[in-house]
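Everything below concerns the one structure shown next.
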Amino acid sequence: MNWLPIALVAVPLLGAVAAFVPAVRDSAVAWGIAVSAAVLVLAVALAAVFDYARPAEMQLQTDWPWIPGLGLRFHLGVDGVSLPLVVLTALLVFLCFVHLAGHPPAGGRVSGLVVTLLVLEVGMLGTFLALDLLLFFVFFEVVLVPMYFVIALWGGTGRRSAAVKFILYTLLGSAVLLIGLLVVWTQAGTLDMVALAGRHGAGIARSAQIVAFLAIGLGLAVKTPMWPLHTWLPDAHTEAPTVGSVLLAGVLLKMGSYGFARIAIPVLPEGAAALAPWLGAFAVAGIAYGSLACLAQRDLKRMIAYSSVGHMGFVLLGFASLTPVGLNGALFANVAHGLITGLLFFLAGAVKERYGTADMVRLGGGMLRRLPYVGSLLTFACVASLGLPGLAGFWGEMLTLLGAFRPAAGLSRPLFLVFMAVGGLGMVLTAAYFLVMLSRVTHGRAVETVSPAGPLAPAQPDEPPGPPLATAEGVREVLSELGEGAEPPEPVATEAAVAALERETEPALAALGAQAALAAGEAGARDAARALGVGSTDAAEAAQGRRPFRDATVYELAAWLPLVALIVLFGLWPKALLAVTTPAVQSLLGSGVAP
């Protein structure tokens, strides 16, 4: 079955090429679902034939000459560290295509988006399967161009600047990463990742290890992202389409953290031990900063993006401890974050589509009453992300804190106890900002806003939704708060001033009156529909030619529920994942690093 890793890379590549055929292009989303489903079947087959009695060994290897003159080889394989990420990648790409079936991109060019996502899948899977340093770097870079186009062509109003910022940061990080890989090559004389990990730094001077770890770590930290190299992430997440945000958070960030586990720590153990305190310091700074930044956000997608900075800080803290417990927690948190944050971005996209905005103030409250399925799943995803015991988010964070409680020999335990305390504070802040968001959006009374495009109409892709207008209910609330006989806050203007003001504001008042009349007519239509029992608000909105304000659709539930099931599964049965990663982590650390 050694052909399985090759097939996992080849199938999406061939599917992307075939998508240019006119007959396939006409049904691009169906083709994307078929190809990604085939890749998911291959990933499941890979997991089925994997020998779980030997998860620390590299299995199903393919080792072909690539560039013989430079000693480069096309070397692929899988072990307990990479297997969960391969399956996670295949699953999320398939669910993104299922989501696209019910939500075609607002910018059109569906076939182009399908091709881009399939090429993106090639790079992501290749990164987790590559066992040659230069081949790893090639796949690591393949993802940059398609993700740039996903953001720049199908994103929001600020998509171009966000895409440019993404590509500049990641290309700069990749250049530094390449320098570190070349240092390893010149010192060790090989690019074979299996051989390098087996040596545990033998043959590489300590000074060279520190320089190489610093370069490789900086390159990987940009993609992870580590504070303060994270500033490209909120813009990219906010402007990316839903499928782009899901894959960016669910897989692309994991490519950086995977590099620490696969290359930086096992190949450069002395460099890792020297720089681990700095890595831990930046990790906990990211935890605290990301949590505090979330408390200050109004945009739902931007808040989730900043939460990723905090959650990936826990991953880096686990790596910094250089213990089997810490690394296991980091790898578990990797997978849990991919599942939970992928679900969060799916739900954030659904909310933005229905309300025409992701601004939590404009969303108002009452989502649990108006959209019970979407509101309930949003609540579940938030509770999972804040680390509730019994769900997947809990185990990764607790294991990373336990690793910081007893770091590897040679590391300062008092310093790491401080890191653990800051990480614990970050967990409290995480609960705070998610609960504040839920209190604003899902609970309370629904606030219906009216924009120029009509009530609850989705915003156009290139223009923000119009400002809400005051409703009769809101006016009554204000008057009731003032009380009877309340004096006007300002002196009454003279008749001349009033006449001048009327002349100046007559056009605006006319437009406002027209919108108010439209809102009143639609409110009457909804009341009439309610009285007749013919579909409530859906019938009234359908009569106006707008998309009904519906709850979760079949396509959405098909994309969301597998993630819900896995979050519960790994939360209740963490051994399903830890039994695979633990022997592999112990092998990667070696006897010279782990206590």
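What you are looking at is a predicted structure, and each value in this text was computed from that prediction instead of being measured. What you see below is based on every heavy atom in this structure, not just the backbone, and it leaves out hydrogens, waters and symmetry mates. When a residue number appears, it is its place in the shown sequence, counting from 1.
Here the side chain of Thr89 pairs a donor or acceptor atom with the backbone of Leu85 at under 3.5 angstrom. Side chain of Ser321 to main chain of Gly318: a donor-acceptor pair is present (N/O by atom type, distance under 3.5 Å, no hydrogens or angles). For the pair Arg159 (side chain) and Ile151 (backbone), a donor-acceptor distance under 3.5 Å is absent. Although no hydrogens or angles enter the test, the distance criterion places no donor-acceptor pair under 3.5 Å between the side chain of Glu397 and the main chain of Phe314. A donor-acceptor contact shorter than 3.5 Å links the side chain of Ser36 to the backbone of Gly32. A donor-acceptor pair under 3.5 Å is formed between the side chain of Trp31 and the backbone N or O of Gly15. A distance-only check finds no donor-acceptor pair linking the side chain of Asp79 to the backbone of Glu57 [under 3.5 Å]. Arg406 contributes no side-chain N or O that, together with a main-chain N or O of Val325, makes up a donor-acceptor pair within less than 3.5 Å.
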Kindly list each side-chain donor-acceptor pair under 3.5 angstrom involving residues 216-226, sequence neighbours excluded, with atom names and distances?
from   : atom 1 : to     : atom 2 : distance (Å)
Thr224 : OG1    : Leu220 : O      : 2.7

Listing, residues 240-249 side-chain donor-acceptor contacts under 3.5 Å, not counting sequence neighbours, or none:
from   : atom 1 : to     : atom 2 : distance (Å)
Ser245 : OG     : His237 : O      : 3.0
Ser245 : OG     : Pro241 : O      : 3.4
Ser245 : OG     : Lys301 : NZ     : 3.3

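Under the 30°/60° scheme for interplanar angles, the aromatic rings of His311 and His337 are found to be tilted. Using bins of under 30°, 30° to 60° and over 60° for the plane-to-plane angle, the ring pair Phe346/His99 lands in the tilted bin. Aromatic ring orientation, Phe50 versus Tyr52: perpendicular (interplanar angle above 60°, classes split at 30° and 60°).
For Arg206, the side chain to side chain contact (heavy atoms under 4.5 Å, CB included) partners two or more places apart in sequence, or in a different chain, are Ile210, Glu270, Ala274.
Val183 and Thr186 get closest at one heavy-atom pair: O-OG1, 2.9 Å. Considering every non-hydrogen atom in both Val49 and Leu4, the closest pair reads CG2-CD1, 3.8 Å.
With a 6.0 Å radius and a threshold of 12 heavy atoms from other residues, nucleotides or ligands, Trp395 has its CH2 atom at or below the threshold. Other residues, nucleotides and ligands contribute only 12 or fewer heavy atoms inside 6.0 Å of the CZ atom of Phe149.
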### Task
Given side-chain hydrogen bond (donor to acceptor under 3.5 Å, both in side chains), test Asn328 with Thr582 step by step and report yes or no.
CA-CA 6 Å; Asn328 263 318; Thr582 299; 3.1 Å; yes
### Task
Tell me, with the steps shown, if Thr170 and Tyr148 meet side-chain hydrogen bond (donor to acceptor under 3.5 Å, both in side chains).
CA-CA 10 Å; Thr170 50; Tyr148 168 83; over 6 Å; no
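Counting heavy atoms from C-beta outward, Leu113 and Leu117 have side chains that approach closer than 4.5 Å. Residues Ile6 and Trp64 form a side-chain contact, since some pair of their non-hydrogen atoms from C-beta on lies under 4.5 Å apart.
In this structure, CZ in Phe137 is found 4.5 Å from CG in Leu178, a value given to the nearest 0.5 Å. From Leu8, atom CG reaches atom CH2 of Trp3 across 9.0 Å, with rounding to the nearest 0.5 Å.
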